There are 2 protein chains.
Amino acid sequence: MSARTTRANGRASRRQILDAAAEIASECGYQGTSISAVSKRSGLPNSSIYWHFANKEDLFTAIINDSYEQWCDELAASRNSANGDGHNFEHLYAKLGQFPDFIRLGLIMTLERPPEGGDAARQRFLEIRRESLENLRTALLSDYPDLGEPQANALAAMTLSQLDGSFVAAMAGETALTPRVLSDAVHTLATSMSAGHAAHVE
Amino acid sequence: MSARTTRANGRASRRQILDAAAEIASECGYQGTSISAVSKRSGLPNSSIYWHFANKEDLFTAIINDSYEQWCDELAASRNSANGDGHNFEHLYAKLGQFPDFIRLGLIMTLERPPEGGDAARQRFLEIRRESLENLRTALLSDYPDLGEPQANALAAMTLSQLDGSFVAAMAGETALTPRVLSDAVHTLATSMSAGHAAHVE
DNA sequence: CCGTTATTGTATCGCTCATTCCAACTGGAA
DNA sequence: TTCCAGTTGGAATGAGCGATACAATAACGG
């Protein structure tokens, strides 16, 4: 009489599809990822993909959500295992250096015009971005209490875009930006913008 | 007896194709741009495109070169008309805010895996990036002579990636990053990394 | 005028795309 | 055993892709 439990095989297949699709999508973007390629890499037929996901757009939304969730879990785990003290930007930069799938895919989708007839996946990524921006803002205000509201907003935006930019730089094969250099820069700007240096943002 | 002058119509057509292709490509990326779409927007038939360019890859290389050249000309012109004094990062940031086609397209192509069988267009964009990085480096050293070589390298890389990142931020609809804020940040970092503050880069 | 060359128009190829259809199989519930 | 929902196999569909072939035109030099 209990609610029918979902078939174990079904969940496993969904996972296989998501893993395969995330790999391909983060390399090839939305337009460059074909359903048949996902089918081939996941080992499951075309029809299984369309049984688990309504269409390509729905699959991509799921990829972003799933990959983001995985990355958040990893971040939390590694933060707990290491020094559990306060916010550590160097740690964040280092973790991003592992190129989580959802960021590469999300950046491509941010830059590309959304496919006509639905842009749920892109919107979901932008939502994650806004959440991250807010997290950065509060983290900065907590680490640098002398920072004013407008300065914190500007610095959070700059930090996020610096993260995006260093991701691009890594993809371009440039190597000058280490996590250390980047986190030091945030510190320099934060202290400079605190207190008497308000001229940075009017 | 003079070398046969190229037909006027030919050059005009090439220009129409490049303009149409640049618009579409910067919005849709490599995979998302179809030859027939370029044909439709440029008003010229399919065969004309393949007469002017060897294939899709060749067309994209031409787009990047052409759009980059146009942008450089505009930058130089507006720099001459305004204050012709030294390097002005705020001016550069403002000019980039006009979203030149080659950057949006170049960023997409940097993030996407190159299409198999040739990645000339992407390589050309990466070459432009390296040139820009070098230009930034010498500009920084000229504006801040106390900056050491390694500091200038790191700061140039950070500035370039900051440019990329703020481009992404603009595409994501975020508005906190003004040219003024960004150029002030470069100044803060440059002065902080000059002279006695060498701890930033070891 | 002619002939040559540059460019366009149209049709077509073989292929892959996203999506759909449906028959087959699977495993628990009745 | 029977039944049925969940899931897979595999083929089909219609559209669009990049690219090519080739006749038709347009402009120029002679």
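All values reported here derive from a predicted model rather than from experimental measurement. Quick note on labels: first sequence line is chain A, next is B, and so on, each numbered from 1.
The side chain to side chain donor-acceptor pair (under 3.5 Å) analysis of residues 58-73 of chain B, with sequence neighbours excluded, yields the pairs B/Arg15-B/Asp66, B/Asn65-B/Arg124. Sorted by first then second residue, the side chain to side chain donor-acceptor pair (under 3.5 Å) pairs that include residues 45-56 of chain A, not counting sequence neighbours, number zero. Sorted by first and then second residue, the pairs that involve residues 131-179 of chain A and meet ring-ring contact (aromatic ring centres under 6.0 Å, His included), not counting sequence neighbours, are A/Phe99-A/Phe167, A/Tyr144-A/His187.
Between the CZ atom of B/Arg15 and the C1' atom of C/dT7 there is a distance of 18 Å, rounded to whole Å. Regarding A/Ile17, its CD1 atom lies at a distance of 10 Å from the C1' atom of D/dT7, rounded to whole Å. Per the geometry, CG belonging to B/Asn9 stands 14 Å off C1' belonging to C/dG9, to the nearest Å. Taking atom CZ of residue B/Phe53 and atom P of nucleotide D/dA19, one finds them 13 Å apart after rounding to whole Å. Here the C1' atom of nucleotide D/dG9 and the NZ atom of A/Lys40 are 16 Å apart, to the nearest Å. Rounded to a whole Å, the CH2 atom of A/Trp51 is 14 Å from the P atom of D/dG9. Separating the CZ atom of A/Arg14 from the P atom of D/dG6 is a distance of 15 Å, rounded to the nearest angstrom.
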Identify all pairs in which a protein N or O lies below 3.5 Å from an N or O of nucleotides 23-25 of chain C, and state each distance.
none

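At the phosphate of D/dG6, neither OP1 nor OP2 sits under 4.0 Å from any side-chain N or O atom of A/His52. When the side-chain nitrogen and oxygen atoms of A/Ser48 are compared with OP1 and OP2 of D/dT7, none of them lie within a distance under 4.0 Å.
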Once base and sugar-phosphate atoms are separated, protein heavy atoms under 4.0 Å mark nucleotides 10-22 of chain C, 5' to 3', with B, S and - as B------SSBBB-
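No side-chain donor-acceptor contact under 3.5 Å links B/Ser39 to the backbone of B/Ile35.
Looking at residues two or more places apart in sequence or on another chain, you find no side chain to side chain donor-acceptor pair (under 3.5 Å) involving A/Glu116. Under the side chain to side chain donor-acceptor pair (under 3.5 Å) criterion, A/Gln162 pairs with B/Ser161, sequence neighbours left out. Taking B/Glu174 as the reference, A/Arg129 meet the side chain to side chain donor-acceptor pair (under 3.5 Å) condition, with sequence neighbours excluded. Not a single ring pair (Phe, Tyr, Trp, His ring centres under 6.0 Å) links A/Phe53 to another residue, sequence neighbours left out.
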